[in-house]
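Let me give you the structure first, and then I'll get to my questions.
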Amino acid sequence: MHSDDPSGSVAGVIEKLKARFADRCATSQALREQHGHTTTWLENQPPDAVVFAETTEEVAETVKICAAANVPVIPFGTGTSLEGHVNAPEGGISIDLSRMSSVLEVNSEDLDCRVEAGVTRKQLNSYIRDTGLFFPIDPGADASLGGMAATRASGTNAVRYGTMKDAVLALTVVTADGNIIRTGGRARKSSAGYDLTRLFVGSEGTLGVITELTLRLHGQPEAISGGVCPFPDVQSACQAVIMTIQMGLPVARIELLDSMQVRACNSYSKLDLAETPTLFLEFHGSEAGVNEQSETFSAIADEFGGGPFEWATAAEDRSKLWAARHDAYWSGRGLRPEAQVVATDVCVPISRLAECVTQTAADIEAEGLLAPIVGHVGDGNFHVQVLVDPDNPDEMKTCEAFIERLAIRALDMEGTCTGEHGVGQGKQKYMKREHGDALELMQSIKEALDPHNLMNPGKILPQS
Ligand SMILES: Cc1cc2nc3c(=O)[nH]c(=O)nc-3n(C[C@H](O)[C@H](O)[C@H](O)COP(=O)(O)OP(=O)(O)OC[C@H]3O[C@@H](n4cnc5c(N)ncnc54)[C@H](O)[C@@H]3O)c2cc1C
């Protein structure tokens, strides 16, 4: 519990922040609610106030004011996280980084850049388009790069380009006591001490506030081809994915949509795909390379009863497909507009993918759930979006039990309870099962870096 002492109360903190930041410290109900969790059925728990910071020093000042009064701080990027990450269960101050939106430097010759934490991935890509470089991590939503680092995000391109753990070279971080540290330089590798960069990547705002990121960039591929490939069932689609990865075919994207998701995309994005499990693919490379990769994949699909693989090199055809893939969340919602979404993800070793997806599909059917499956299957990662009526306790019970079985199924297959969405509030209950005694070490790290539990409290680590 945090301080009730009036001299150190939230009200006192807000007074100080208003004196310092004027209308950049907001307390309206609407703004506070916008800065709590809004993307899924999880309860909205708004902070007491929102500070719109514009510099690293302003973040540090805000953290110091809060720390002096024992008031929690919740960093906020664009609020697209799915597990209640930005909720303020103990109240406190949300630090919104969206105004820290400058690209500070682009070093084309070294394929890296430095950005403020509020820059979004689309904003970075349009800024660097003319350099021939691009930033590949693509979680669908136009999330902030600070938020993406904080959740160790990935997405459709991760199978080829890795996740935020691979993309971040260094960070500037405001620690829980308001100090400003830098976790590395621009070197591609380093053996100099503990890897603080990777400690903060995925820490969900529980260890500090990221204010700047140094990121790896990649050359835009000379040629891109991609398309869709239908399969008779999810099992054969997954087997084709497994073989593609095991053969080392360098796919840039390989995404599974089950038949329910294809139906949703057809209706929402005005497509006319066959309503059967379908893989969306993209290949990057030279003209000859992408043709060869497409042909190899066609042969693999054929072996598992899939196809025809219809591939297109025209940019507008590809963007229509990928726009539909990125809108999968919204199209899924359209299957039952009055319902709420419980979005969940797991990740398993690639050899267990077919088994995990098939068992999950059978579970969905047995429970009679409306729950499309869509996934970045090249990484063994897939999502299920369960559409439920949160006011119906029986439905909620069925949904919760399904999600628990899914998480345990993935863990039993030596996978993880979340491949990319993160823990937030929703996945804490699986942390002990996933990490065993290592969870205690995580708790010790938290206590060492944030002894008063002020940085985004109530997230990642199960509450004792
Ligand atoms: C339609 C849809 C599709 C999605 N698809 C994917 C997907 O394919 N892959 C994927 O990985 N995710 C996906 N997500 C989830 C979400 O987009 C990611 O988790 C994203 O990385 C969150 O970024 P954000 O800027 O919105 O962060 P927020 O939601 O604002 O914050 C997320 C967490 O990070 C912390 N945080 C934010 N900024 C900072 C900072 N500067 N310093 C320290 N901590 C910070 C917050 O306190 C919070 O704990 C999807 C979400 C939606 C709505």
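Every number for a ligand or one of its atoms is a count from 1 in the order of the listing.
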Arg99 to Phe52 six-membered ring, cation-pi geometry met (6.0 Å, 45°): yes
Output yes when a side-chain donor or acceptor of Arg325 lies under 3.5 Å from a complementary backbone atom of Leu256, and no otherwise. no
Does the gap between the ring centers of Phe134 and Tyr161 come in under 6.0 Å? yes
Lys/Arg-Asp/Glu bridge criterion (N-O < 4.0 Å) met for Lys64, Asp177: no
Backbone of Asn44 reached by a side-chain donor or acceptor of Asn87 within 3.5 Å: no
Could you give the N/O to N/O pairs under 3.5 Å linking ligand 1 and the protein, each with its distance?
{"from": "ligand 1", "atom 1": "5 (N)", "to": "Pro139", "atom 2": "O", "distance (Å)": "2.6"}
{"from": "ligand 1", "atom 1": "8 (O)", "to": "Pro139", "atom 2": "O", "distance (Å)": "3.3"}
{"from": "ligand 1", "atom 1": "8 (O)", "to": "His376", "atom 2": "NE2", "distance (Å)": "3.1"}
{"from": "ligand 1", "atom 1": "8 (O)", "to": "Glu420", "atom 2": "OE2", "distance (Å)": "3.1"}
{"from": "ligand 1", "atom 1": "9 (N)", "to": "Glu420", "atom 2": "OE1", "distance (Å)": "3.3"}
{"from": "ligand 1", "atom 1": "9 (N)", "to": "Glu420", "atom 2": "OE2", "distance (Å)": "2.8"}
{"from": "ligand 1", "atom 1": "11 (O)", "to": "Ser154", "atom 2": "N", "distance (Å)": "3.1"}
{"from": "ligand 1", "atom 1": "17 (O)", "to": "Thr80", "atom 2": "OG1", "distance (Å)": "2.8"}
{"from": "ligand 1", "atom 1": "19 (O)", "to": "Thr151", "atom 2": "OG1", "distance (Å)": "3.4"}
{"from": "ligand 1", "atom 1": "21 (O)", "to": "Thr151", "atom 2": "OG1", "distance (Å)": "2.8"}
{"from": "ligand 1", "atom 1": "25 (O)", "to": "Thr78", "atom 2": "N", "distance (Å)": "3.0"}
{"from": "ligand 1", "atom 1": "25 (O)", "to": "Thr78", "atom 2": "OG1", "distance (Å)": "3.3"}
{"from": "ligand 1", "atom 1": "25 (O)", "to": "Ser144", "atom 2": "N", "distance (Å)": "3.0"}
{"from": "ligand 1", "atom 1": "25 (O)", "to": "Ser144", "atom 2": "OG", "distance (Å)": "2.7"}
{"from": "ligand 1", "atom 1": "26 (O)", "to": "Thr78", "atom 2": "N", "distance (Å)": "3.4"}
{"from": "ligand 1", "atom 1": "26 (O)", "to": "Thr78", "atom 2": "OG1", "distance (Å)": "2.6"}
{"from": "ligand 1", "atom 1": "26 (O)", "to": "Gly79", "atom 2": "N", "distance (Å)": "3.2"}
{"from": "ligand 1", "atom 1": "26 (O)", "to": "Thr80", "atom 2": "N", "distance (Å)": "2.8"}
{"from": "ligand 1", "atom 1": "26 (O)", "to": "Thr80", "atom 2": "OG1", "distance (Å)": "2.7"}
{"from": "ligand 1", "atom 1": "29 (O)", "to": "Gly79", "atom 2": "N", "distance (Å)": "3.4"}
{"from": "ligand 1", "atom 1": "29 (O)", "to": "Thr80", "atom 2": "N", "distance (Å)": "3.2"}
{"from": "ligand 1", "atom 1": "29 (O)", "to": "Ser81", "atom 2": "N", "distance (Å)": "3.0"}
{"from": "ligand 1", "atom 1": "29 (O)", "to": "Ser81", "atom 2": "OG", "distance (Å)": "2.6"}
{"from": "ligand 1", "atom 1": "30 (O)", "to": "Gly77", "atom 2": "N", "distance (Å)": "2.8"}
{"from": "ligand 1", "atom 1": "30 (O)", "to": "Thr78", "atom 2": "N", "distance (Å)": "3.2"}
{"from": "ligand 1", "atom 1": "30 (O)", "to": "Gly79", "atom 2": "N", "distance (Å)": "2.8"}
{"from": "ligand 1", "atom 1": "41 (N)", "to": "Ile210", "atom 2": "O", "distance (Å)": "2.9"}
{"from": "ligand 1", "atom 1": "42 (N)", "to": "Ile210", "atom 2": "N", "distance (Å)": "2.8"}
{"from": "ligand 1", "atom 1": "47 (O)", "to": "Pro75", "atom 2": "O", "distance (Å)": "2.6"}
{"from": "ligand 1", "atom 1": "47 (O)", "to": "Asn456", "atom 2": "ND2", "distance (Å)": "3.3"}
{"from": "ligand 1", "atom 1": "49 (O)", "to": "Glu204", "atom 2": "O", "distance (Å)": "3.0"}
{"from": "ligand 1", "atom 1": "49 (O)", "to": "Asn456", "atom 2": "ND2", "distance (Å)": "3.2"}

Taking Arg253 first and then Asp138, would you say they form a salt bridge - that is, a charged N and a carboxylate O separated by under 4.0 Å? yes
